[in-house]
Amino acid sequence: MICAPTPQGISEACRLLRAGQVVGMPTETVYGLAADATQDHAVARIFEVKNRPTFNPLIIHVASAVEALDLVEMSLEAQSLMEIFWPGPLTLVLNRKKDCPVSLLASGGLDTLAIRCPAHPIAGRLIREYGRPLAAPSANRSMGISPTSAEDVQASLGDQVPLIIDGGRCEVGLESTILDLSGDVPVLLRPGSILAESLEAIIGSVGRIKKDRSVSFPVKAPGMMRRHYAPHRPLRLNATDCHPGEALLGFGSAGSLPVILNLSEMADLTEAAANLFQMMRQLDRDPYTGIAVMPIPFTGLGIAINDRLQRAAALEE
Ligand code: TXA
Ligand code: MG
């Protein structure tokens, strides 16, 4: 349902967000599909509604740079850029704080977090009133075109989204510029309306990603691009038994199998997605020498869960 950005509309959106639901949110770039970034289950709902086949990390939206202090390790560069470009279409990737309350699913299991402070007054009002960071990818079905009006969101996601706040047409119409400040050198991950040259005027040279995914920059630390989380222990998929030393991660009814943790006893894929990264981390410790994961169906969110598990298993080899 599309609703006007009245105080009642904003309150209703906050009520839905508290309940773990998704809400369509206008920003100056594109409309976002927002959920409480601190609730794993709410974040899983985003992937479900978008029908995303992979758990790409999401952008976390805050009301000001002050809130970012609780989430990420600040650097001088980040501070300068926030002062100049926030609120605005600039997303910064920074290292998560140790006690960062944002769902690991929202950052795709990475140790970094992409944060942005949108310039749209209604987005600002919603985030401020809600009082917690909101995870929000563009509010369209996976592979679809990013929505720049409330009607676009309605057309793409329809009744999957209980509430879409109408903030008119998006001024920018193009997703935010993403700058990675989590490594040794700043790297532009996604071009946007804030140009690399404008960033360089403040913080000096910025690396660009070339077509072959390498970085056009004298990078000190190779492999800095994406520190994907993979467990240190070998990961075995589609396990129907448990080998000595392994920690068995269950899904659905485990019968007599010695399951240590279960992604979802009810075989609920949304719940499993919400638990995935947390539980992989919890089992990646002594005395276990490996992690075995019970089969997960390749339907709905199960596709993204299997994608993530396969990558984590492959990285181990
Ligand atoms: O303009 C925007 O940024 C819109 C509006 C709604 O704010 N949001 C948006 O979110 O475009 P999304 O989820 O569609 O784009 C997220 C992008 C992905 O390409 C993802 O790979 C990257 O941000 N990203 C997120 N977290 C990251 C991280 N920790 N490290 C590297 N890249 C990250
Ligand atoms: Mg998108």
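Start at 1 and go down the list; that is how both ligands and their atoms are numbered.
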Any idea which atoms of ligand 1 are less than 4.0 Å away from a heavy-atom of [X]?
X      : value
Leu189 : 31 (C), 32 (N)
Gly32  : 6 (C)
Ser176 : 1 (O), 2 (C), 3 (O)
Leu110 : 28 (C), 29 (N), 30 (N)
Ile178 : 17 (C), 22 (C), 23 (O)
Ile59  : 3 (O), 8 (N), 9 (C), 10 (O), 15 (O), 16 (C), 23 (O)
Arg52  : 13 (O), 14 (O)
Ala136 : 6 (C), 8 (N), 10 (O)

Exercise. Search all heavy atoms of Tyr31 against all heavy atoms of Val153 and return the closest pair with its distance.
Key: CB-CG2, 3.5 Å
Quiz item: Any side-chain donor-acceptor pair under 3.5 Å between Ser142 and Asn51?
Solution: no
Does any N or O of ligand 1 fall below 3.5 Å from an N or O anywhere on [X], backbone included?
X      : answer
Tyr31  : no
Asn56  : no
Thr112 : yes
Glu175 : no
Thr29  : yes

[X] heavy atom under 4.0 Å from ligand 1:
X      : answer
Ser138 : yes
Asp180 : no
Met25  : no

Practice problem: From the options Pro137, Ser146, Gly192, select the one whose nearest heavy atom is closest to atom 13 (O) of ligand 1. | Solution: Pro137
For residues 77-93, which side-chain N or O atoms pair as donor and acceptor with protein atoms under 3.5 Å away, sequence neighbours left out?
unit_1	atom_1	unit_2	atom_2	d
Ser80	OG	Leu76	O	2.9
Trp86	NE1	Leu90	O	2.9
Thr91	OG1	Ser176	OG	2.7

Any chance [atom1] of [X] has more than 12 other-residue heavy atoms, nucleotides or ligands included, within less than 6.0 Å?
X      : atom1 : value
Leu195 : CG    : yes
Glu48  : CD    : yes
Glu151 : CD    : yes

Exercise. Check salt bridge (Lys or Arg N to Asp or Glu O under 4.0 Å) between Asp99 and all other residues, then give those that pass, not counting sequence neighbours.
Key: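 Asp99: no salt bridge (Lys or Arg N to Asp or Glu O under 4.0 Å) contacts found.
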Working to the nearest 0.5 Å, report the span between [atom1] of [X] and [atom2] of [Y].
X      : Y      : atom1 : atom2 : answer
Glu28  : Arg116 : CD    : CZ    : 4.0 Å
Met279 : Ile260 : CE    : CD1   : 12.0 Å
Phe277 : Leu110 : CZ    : CG    : 7.5 Å

Exercise. Could you check Asp284 against Arg233 for salt bridge (charged side-chain N to carboxylate O under 4.0 Å, His left out), going step by step and ending with a plain yes or no?
Key: CA-CA 6 Å; Asp284 193 16; Arg233 285 157 184 70; 2.9 Å; yes
